[in-house]
Amino acid sequence: MRYPFSEIETKWQINWEQNKVHKTDFSNTEKKLYTLVMFIYPSGAKLHCGHWYNYGPTDTWARFQKLKGYNVFEPMGYDAFGLPAENYAIKTGIHPKDSTLKNIEDIRQQLKKIGCMYDWDAELMTCVPEYYKWNQWLFLQLYKKGLAYRKNAPVNWCTSCQTVLANEQVLNNGTCERCNAAVIQKNLTQWFFKITNYAEELLDGLDKINWPEKTKLMQRNWIGKSIGAEVTFKIADAEDQIKVFTTRPDTLFGATYMVLAPEHPLVEKITTKEFKDKVEAYKDSIKSMSEIERSSTVKQKTGVATGAFAVNPANGKKIPIWIADYVLMTYGTGAIMAVPGQDERDWEFATQFNLPIIRTVQPPENFSDNAFLGDGLAINSDFLNGLYVDDAKKKMIDWLEEKKIGKSTINYRLRDWLISRQRYWGTPIPIVHCEDCGEVPIAEDQLPVELPYEIEFKPTGESPLASNQKFINTTCPTCGKNAKRDPDTMDTFVDSAWYYLRFLDPKNEKMFDKNLSDNWTPVDMYVGGAEHATMHLLYSRFIHKFLRDLGLVNSDEPFKTLVHQGTITNNGAKMSKSKGNVVNPDEFTVKVGNDVFRLYLMFMGPYEQGGDWSDKGISGTERFVARVYDLCCNYKNIYNEINTPNKFELEDLSSIEKSVYRKVNQSIAKVETELEHFRFNTAIAALMECLNELTKNLVNCRKELQSYSLERFIVSLAPLAPHLSEECWEIIGKKISIYHKPLWVDCDEKALIEESVSIAIQVGGKMRGTVDVPMNSSEDDVKSAVIADDKIAKHLEGKTIVKQIFVLNKIMNFIVK
RNA sequence: GCGAAAGUGGCGGAAUUGGCAGACGCGCUAGACUUAGGAUCUAGUAUCGAGAGGUGUGGGGGUUCGAGUCCCCCCUUUCGCACCA
């Protein structure tokens with residue numbers, strides 16, 4: 001009979017919902033397990049195969065843990081603010097709120113079809129005032145502590161999204177993370193969150209969490225800690241000073257020139273008359289260049305002299321001050337001391353412009369490169385001479401500190417998080433700008449500052465809210481005079497930085513329930529794409545630590561364990577609506593059912609690897625499901641007919657029964673270890689092997705073993721194909737849902753031990769066959785078996801055995817002459 | 001340019017500590033049941049060879065009784081970083 005997936009899946013989804021099978025009891029925290037998958041971004045398109053690949057397998061893991069006795073919480077919600085909805089509105093005139101809510105309706109239906117055990121009572125969306133109110137509240141708490149501040153700075157501007165972006169949201173080719181359009185630099189006054197205050201802790205915390213090494217490394221690199229010293233250089237014949245940051249204070253004697261970033265505020269002041277024109281021309285030439293061009297490492301170095309000189313504090317020598325674009329205003333102090341002898345970039349620049357080079361570390365004899373970066377004895381360095389780099393660094397820092405012209409310093413690459421966006425569909429920033437009082441925060445009891453529905457979309461680079469008179473005009477909370485609201489909205493990464501806390505009680509009248517968060521966070525298992533490594537996953541860690549400092553959470557990290565699902569591509573390209581290459585899962589689920597589709601996604605390959613989409617093998621899992629169903633139908637009600645034992649004694653079983661009993665227990669053990677580690681493909685393979693054994697031999701087993709085997713097989717399959725398993729469970733005579741209470745079964749260890757083993761026989765390292773011998777047979781016994789086997793023995797004929805290598809239960813290798 | 005991961009049949013992919021390469025599935029071939037087969041079942045399926053046997057895990061070297069697995073060099077792909085002082 002063909003497996004009637006449609007009726008069966010609907011039946012069980014209704015059953016689960018009616019019996020609240022997936023409702024989490026938060027009061028029982030003894031074996032709590034918070035499993036979270038990154039919530040969905042309802043960008044206008046519905047779920048595609050990539051979403052399914054993210055949600056289905058993760059749910060399988062959660063179900064597995066539930067069967068094992070964990071009290072699992074698995075929620076789902078909507079990251080509902082953001083650009084796509086707004087861009088869609090600009091194109092079609094449909095309001096983002098309307099399109100988003102409609103989309104969520106559709107997506108919710110799709111999500112329910114997957115058959116995940118989401119606790120739907122915990123559903124949330126970020127675009128409603130009850131949620132974004134708490135973004136504003138969070139903003140105010142940060143503001144109070146001086147961690148939310150406004151400054152005028154060069155910021156990233158996406159020419160297509162018409163808004164600023166955080167550094168994290170600019171790809172390394174200088175394009176926008178969201179739309180891939182060019183990003184340019186603009187000077188604007190914007191709101192920032194002071195994530196840099198947590199730089200050190202964000203770095204340290206990485207050692208305490210179970211995340212993929214690759215992701216931790218990306219965060220480490222992004223934070224970019226470097227230890228060094230700040231050194232003050234006097235400008236010759238002037239009062240001004242230039243501070244530089246260097247990781248190599250030991251090379252100070254080799255500093256033969258200095259370089260300022262072209263934007264450095266001192267440039268104008270120190271440039272001498274003769275060099276003014278050149279400097280101005282150079283600065284102009286930089287402006288017209290994009291960030292990508294400027295920061296290209298293949299580009300030849302450029303720069304001009306300012307005509308000014310500084311004094312090297314170590315040796316009192318006058319050294320020229322240049323400007324060059326390879327020095328960045330945004331890192332360190334925007335100025336460097338150049339030590340061409342020990343720095344490749346400085347070497348390149350020095351040789352190009354004929355600047356002097358002094359080596360201060362003795363390179364090894366055969367050294368033929370230019371700058372020497374390695375360790376060695378200090379030379380040409382007065383009181384440092386003869387010291388290795390580490391010691392020389394220390395001594396130089398001591399010297400600088402004593403002379404009060406420098407100190408040891410730590411520098412980070414991490415910049416503060418720019419959170420304002422010149423867009424409509426987001427959380428309004430709860431600040432009023434008053435001519436007299438300046439920026440005034442809204443009182444907490446006045447929240448939320450509601451996002452008005454009426455709005456004119458003008459992708460002009462101005463915040464749409466600025467032109468909504470009703471919204472923008474207000475009175476100053478402090479003095480009562482007419483004032484204006486901040487017209488910008490927050491980066492949507494603010495929404496997602498703390499949503500895992502809100503999930504625990506989305507209707508709570510506070511930001512989240514502290515009691516629940518103390519008991520249920522950190523999230524135990526977090527699954528989501530690797531593309532968030534230095535965005536969402538960094539921001540949430542920061543916000544979590546901040547909330548901890550407010551006393552609102554009791555842990556240091558939000559996500560204890562992190563797993564990245566691989567990407568499902570289509571013809572090599574990532575699925576996206578704009579590329580028009582999305583594969584709609586509905587197309588398959590109506591044809592083969594949700595369990596088959598879920599199984600197929602998991603069977604395709606390693607979960608962390610992803611892969612290119614192809615439906616070629618789907619009939620494999622389709623057949624598997626049909627065969628499981630057919631098998632169970634052949635044993636209808638068997639569980640009610642006999643008493644099913646929990647265990648069999650091997651000696652009581654026939655050889656066929658032993659084989660079945662072994663296979664069932666081996667499969668349970670295999671599925672358990674594989675599922676634990678997200679290795680769904682090999683877990684399914686084990687169940688397929690088990691099914692092959694059952695279809696072949698179950699018919700020749702006693703009824704008790706038939707019932708035993710089916711029971712265990714179905715439980716092992718249940719996390720992977722939940723609807724099918726529930727149905728089969730019922731068919732064999734079970735009355736209550738598999739997910740009603742934990743019932744994962746331990747395997748019978750005795751059944752895992754094989755009685756006999758086949759040993760590989762090699763002659764001179766070449767495979768010549770195998771012999772079957774009892775487990776743990778001795779070297780002599782195996783040898784007798786080999787001699788008794790003509791086919792193998794003939795390879796030994798007329799030869800002298802020089803040596804024999806024997807590995808118990810594995811292999812025997814005869815070395816012959 | 002630097003760093004990391006990967007490269008296994010026609011295809012997706014399996015292989016504790018080095019110990020029978022190709023589990024499981026797709027596809028394919030043959031057969032059975034069929035009016036039919038794009039359903040189902042059975043058998044086969046790395047490759048060369050009639051066979052004995054040889055050859056095979058990107059390429060080339062090495063260590064070892066024995067290498068997909070360890071070491072060195074090279075090639076390719078993917079990802080990350082890319083003047084961070």
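Proteins get letters first, then strands, A, B, ... in listed order; numbering begins at 1 in each. Fair warning: this is a prediction, and the values are worked out from it, not measured in the lab.
- Side-chain contact annotation: A/Thr682 with A/Glu674, donor-acceptor N/O pair under 3.5 Å present.
- Geometrically, A/Arg598 does not engage A/Trp52 in a cation-pi contact defined by less than 6.0 Å to the ring centre and at most 45° from the axis.
- Rounded to an integer number of Å, the gap from A/Asn411 CG to B/rA85 P is 8 Å.
- For A/Lys810 against B/rC20, no side-chain N or O and base N or O form a donor-acceptor pair under 3.5 Å.
- Heavy-atom nearest nucleotides on RNA chain B were determined for A/Thr621 and for A/Asn813, and the one closer to the 5' end corresponds to A/Thr621.
- B/rC20 and B/rG31 have their C1' atoms separated by 30 Å, given to the nearest Å.
- We find the CD1-CG distance between A/Ile618 and A/Leu601 to be 7.5 Å, quoted to the nearest 0.5 Å.
- Nucleotide B/rA14: unpaired (no Watson-Crick or G-U wobble partner with both distances less than 3.5 Å).
- Rounded to a whole angstrom, the distance from the P atom of B/rC71 to that of B/rA4 is 13 Å.
- Contact annotation: A/Asn692 reaches the phosphate of B/rG25 (side-chain N/O to OP1 or OP2, under 4.0 Å).
- Contact annotation: A/Lys794 side-chain N/O to B/rG53 OP1/OP2 distance is under 4.0 Å.
- Using atom P as the reference point in both B/rC11 and B/rG59, the two lie 15 Å apart (nearest Å).
- Syn is the classification of B/rG9, since its glycosidic angle stays within 90° of 0.
- Here B/rA85 is the nucleotide among B/rG19, B/rA85, B/rC83 with the atom lying nearest to any side-chain atom of A/Thr247.
- The partner of B/rU45 is B/rG27, judged by Watson-Crick or G-U wobble contacts that both fall below 3.5 Å.
- Minimum atom distance to the side chain of A/Thr246 is reached by B/rA85, of the listed B/rC24, B/rA85, B/rA14.
- With B/rC65, B/rC20, B/rC83 as the choices, the nucleotide that has an atom nearest any side-chain atom of A/Thr770 turns out to be B/rC20.
- In this structure, A/Phe349 places its CZ atom 16 Å from P of B/rC83, rounding to the nearest Å.
- Across the interface with RNA chain B, nearest-nucleotide mapping of A/Ala760 and A/Arg679 shows A/Arg679 to be the residue nearer the 5′ end.
- One C1' atom belongs to B/rU69, the other to B/rA15, and the distance between them is 10 Å to the nearest Å.
- Taking only side-chain atoms of A/Met767, from C-beta outward, the nucleotide of B/rC24, B/rA15, B/rC20 with the closest atom is B/rC20.
- Backbone-only engagement by A/Asn681 is indicated by non-hydrogen atom pairs under 4.0 Å involving sugar-phosphate atoms exclusively.
- For the P atoms, the distance from B/rG58 to B/rG49 is 24 Å, rounded to whole Å.
- No hydrogens or angles considered: a donor-acceptor pair under 3.5 Å links the side chains of A/Glu693 and A/Ser659.
- OP1 or OP2 of B/rG54 sits under 4.0 Å from a side-chain N or O of A/Arg768.
- In this structure, a donor-acceptor pair under 3.5 Å is present between the side chains of A/Thr196 and A/Asp416.
- Distance from the side chain of A/Glu689 is smallest to B/rA23 among B/rC83, B/rA82, B/rA23.
- For A/Phe245, counting side-chain heavy atoms from C-beta on, the closest listed nucleotide (B/rC79, B/rA85, B/rG53) is B/rA85.
- Within the nucleic acid shown, A/Gln609 comes within 4.0 Å of sugar-phosphate atoms alone, with no base atom in reach, counting heavy atoms only.
- Taking only side-chain nitrogens and oxygens, A/Gln219 never comes nearer than 4.0 Å to OP1 or OP2 of B/rG80.
- Per the geometry, CZ belonging to A/Phe597 stands 21 Å off P belonging to B/rG25, to the nearest Å.
- Base pairing analysis places B/rG3 opposite B/rC79; the two distances defining the Watson-Crick or G-U wobble pair are each below 3.5 Å.
- Applying the Watson-Crick and G-U wobble criteria (two distances, each under 3.5 Å), B/rG37 pairs with nothing in any strand.
- The shortest distance between the side-chain N/O atoms of A/Arg623 and the OP1/OP2 oxygens of B/rG27 is below 4.0 Å.
- What separates CD1 of A/Ile815 from P of B/rG66 is a distance of 7 Å, to the nearest Å.
- Distance, A/Asp325 CG to B/rA85 P: 17 Å, rounded to whole Å.
- Which of B/rC20, B/rC83, B/rC26 sits closest to the side chain of A/Lys301 comes down to B/rC83.
- Closest contact between the side chain of A/His795 and the listed nucleotides B/rG53, B/rA85, B/rC26 involves B/rG53.
- Looking at A/Ser758, its side chain comes within 3.5 Å of the base of B/rC20 through a donor and an acceptor atom.
- Checked against A/Asp250 for a side chain to side chain contact (heavy atoms under 4.5 Å, CB included), the options A/Val389, A/Val339, A/Asp390, A/Thr360 give a single hit: A/Val389.
- When only modelled atom types and interatomic distance are considered, A/Ser226 and A/Tyr331 share a side-chain donor-acceptor pair under 3.5 Å.
- Base pairing analysis places B/rG19 opposite B/rC65; the two distances defining the Watson-Crick or G-U wobble pair are each below 3.5 Å.
- Atom CG in A/Leu752 sits about 17 Å away from atom P in B/rU16, given to the nearest Å.
- Listed nucleotides: B/rG53, B/rC26, B/rG12. Nearest to the side chain of A/Phe603: B/rG12.
- Counting any heavy atom pair closer than 4.0 Å across all strands shown, A/Ser226 reaches sugar-phosphate atoms only and no base atom.
- Each of B/rC26, B/rC65, B/rG13 was ranked by its minimum atom distance to the side chain of A/Ser619; first place goes to B/rC26.
- Comparing the same atom, P, in B/rC26 and in B/rU77 gives a spacing of 33 Å after rounding to whole Å.
- In this model, the phosphate group of B/rA85 is not approached by any side-chain N or O of A/Lys225 to a distance below 4.0 Å at OP1 or OP2.
- Only the P atoms considered, B/rA32 is 16 Å distant from B/rG38, to the nearest whole Å.
- Look at the P atom in both B/rG68 and B/rC83: the space between them is 42 Å, to the nearest Å.
- Put simply, the side chain of A/Gln219 never gets that close to the backbone of A/Leu206: no donor and acceptor are under 3.5 Å apart.
- At whole-Å resolution of the value, CD1 in A/Ile410 and C1' in B/rA85 are 16 Å apart.
- For the residue pair A/Arg627 and A/Thr695, a side-chain donor N or O sits within less than 3.5 Å of a side-chain acceptor on the partner.
- To the nearest 0.5 angstrom, A/Thr247 atom OG1 is 10.0 Å from A/Asn411 atom CG.
- Using a 4.0 Å heavy-atom criterion, one finds that A/Arg220 contacts no nucleic acid atom at all.
- In this structure, A/Leu808 places its CG atom 18 Å from P of B/rU17, rounding to the nearest Å.
- Across all strands shown, B/rA50 forms no Watson-Crick or G-U wobble pair with both distances under 3.5 Å.
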